[in-house]
Amino acid sequence: MALSRAALQVVGLLLLLKLSNASDRQPFATVQQVACERPRYLEHAKMARYVVHMNSWGSVASSSVHLRGHPFAAVESYSDGALGDSTGRLLFFLTSLDATGADVEVNGNVTLSLAEVQIPGSCQGTDPEDPTCAKLSISGQMLPVPQDKLKEAQNILFSRHPVMRTWPVGHHFVLYELQISTIRLLDFYGGAADLTPQEYFAGHVLCKVAASQQFES
């Protein structure tokens, strides 16, 4: 049944009102979108820094207390800085109630293992063990952050893991930094590349930051 002229006028007014409100809407948030460029093969230091920065968790292998010295690996969160602001440093928040935290209190020698496949959208159609899907092992000493360096370290870690600020004080979390001694990267056929800490920190991650606005619906 056809709408009357009066009904059509009402519909038209409602549409105009909706369009007017849409044009007058103010953004309630500005969101930063960060895109980081994957380095090319043979740019080993850059690739290592890229895999570190684009991830925020990995597997930490330690000399286990509860297994009497046998290797033990556990998933731990870390940060090297806010997304798009890589420092290369590796900060952790550990408690002795967790196996890794208990282990490093006795022996700080650990290896952090990361994989490119952990990064959303990476290594599609490629097996994680394939050399072209980058993987990284970083070995060194897990040491507590000195008191005079805590503020900077907290900013780096909590930028990616803000919920850590609310974790129970009674669990006695300690802020640790992995002091790097050796790095091994495999990102192509022909064997792994070994990097020194100096080479690693000389690399950089190329990121672009774009702002987008969100509106109330």
Side-chain angles (χ1 to χ4, degrees), residues 32 34-39 43-63 73-96 98 100-101 103-105 107-116 118-120 122 134-167 172-187 192-209:
Q32 284 191 336
V34 181
C36 299
E37 182 179 306
R38 186 187 191 276
E43 294 182 316
H44 295 138
K46 290 182 181 180
M47 179 62 79
R49 289 287 300 272
Y50 171 81
V51 174
V52 164
H53 187 58
M54 296 302 291
N55 280 307
S56 61
W57 61 272
S59 176
V60 176
S62 55
S63 179
V75 169
E76 304 292 350
S77 297
Y78 75 89
S79 173
D80 86 318
L83 193 59
D85 187 20
S86 169
T87 68
R89 296 172 62 187
L90 298 165
L91 281 303
F92 297 79
F93 212 31
L94 304 177
T95 169
S96 59
D98 175 73
T100 303
D103 294 344
V104 299
E105 284 187 348
N107 183 347
N109 291 313
V110 302
T111 294
L112 169 67
S113 295
L114 306 172
E116 185 182 3
Q118 295 170 233
I119 305 169
S122 298
K135 48 203 87 3
L136 184 67
S137 295
I138 304 175
S139 300
Q141 279 271 326
M142 190 79 83
L143 298 176
V145 174
Q147 190 68 32
D148 62 337
K149 304 291 184 183
L150 274 179
K151 185 63 176 178
E152 180 184 12
Q154 287 172 344
N155 289 337
I156 292 173
L157 181 60
F158 297 158
S159 67
R160 298 286 283 274
H161 302 282
V163 71
M164 288 180 173
R165 294 182 184 274
T166 68
W167 286 1
H172 305 292
F173 282 92
V174 176
L175 214 158
Y176 282 86
E177 181 167 2
L178 176 52
Q179 300 291 340
I180 301 170
S181 58
T182 60
I183 300 165
R184 175 160 286 196
L185 169 76
L186 180 63
D187 67 343
D194 291 320
L195 301 171
T196 66
Q198 293 77 15
E199 291 170 329
Y200 167 78
F201 283 109
H204 62 272
V205 183
L206 181 60
C207 298
K208 294 181 180 179
V209 181

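Everything quoted here is computed from the prediction, not taken from an experiment.
Looking only at distances, no side-chain donor or acceptor of Tyr200 sits under 3.5 Å from a matching main-chain atom of Leu195. Side-chain atoms of Tyr176 do not come within 3.5 Å of backbone N or O of Gly108 as any donor-acceptor pair. Listed for the Arg160 side chain is no donor-acceptor partner under 3.5 Å among the backbone atoms of Ser79. In this structure, Ser62 contributes its side chain and Val110 its backbone to no donor-acceptor pair below 3.5 Å. In this structure, His53 contributes its side chain and Gly88 its backbone to no donor-acceptor pair below 3.5 Å. No donor-acceptor pair closer than 3.5 Å links the side chain of Ser137 to the backbone N or O of Ser113. The closest donor-acceptor contact from the side chain of Thr95 to the backbone of Asp98 lies at 3.5 Å or more, if one exists at all. Between the side chain of Tyr50 and the backbone N or O of Glu116 there is no donor-acceptor pair closer than 3.5 Å. Within the 3.5 Å criterion, the main-chain N or O of His44 finds no donor-acceptor partner in the side chain of Asp187. A distance-only check finds no donor-acceptor pair linking the side chain of Asp85 to the backbone of Gly81 [under 3.5 Å].
Asn109 contributes atom CG, which lies 11.0 Å from atom CE of Met142 (distance to the nearest 0.5 angstrom). Note: Leu114 CG to Leu90 CG = 7.5 Å, rounded to the nearest 0.5 Å. Going from atom CG of Leu143 over to atom CG of Leu175 covers 12.5 Å, rounded to the nearest 0.5 Å. The OG atom of Ser139 lies 11.0 Å from the CD atom of Gln141; values are rounded to the nearest 0.5 Å. If you take OG on Ser56 and CG on Leu83, they are separated by 9.5 Å, rounding to the nearest 0.5 Å.
Heavy-atom contacts from other residues, nucleotides or ligands closer than 6.0 Å to CD of Glu37 number 12 or fewer. Environment of CZ in Arg38: crowded, with over 12 heavy atoms of neighbouring residues, nucleotides or ligands closer than 6.0 Å.
Taking all atoms of both residues into account, the shortest heavy-atom contact from Leu185 to Ala134 is CD1-CB, 4.5 Å. The two residues Ser96 and Glu105 have their closest heavy-atom pair at CB-OE2, 3.5 Å.
The side-chain heavy atoms of Ser122 and Met54, taken from C-beta on, include no pair separated by under 4.5 Å.
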- request: Take Val60 and Tyr78 through the side chain to side chain contact (heavy atoms under 4.5 Å, CB included) test and state the conclusion after the steps.
  value: CA-CA 10 Å; Val60 176; Tyr78 75 89; over 6 Å; no

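Aromatic ring pairs are classed by plane angle as parallel below 30°, tilted from 30° to 60° and perpendicular above 60°; the pair Phe93 and Phe158 is perpendicular.
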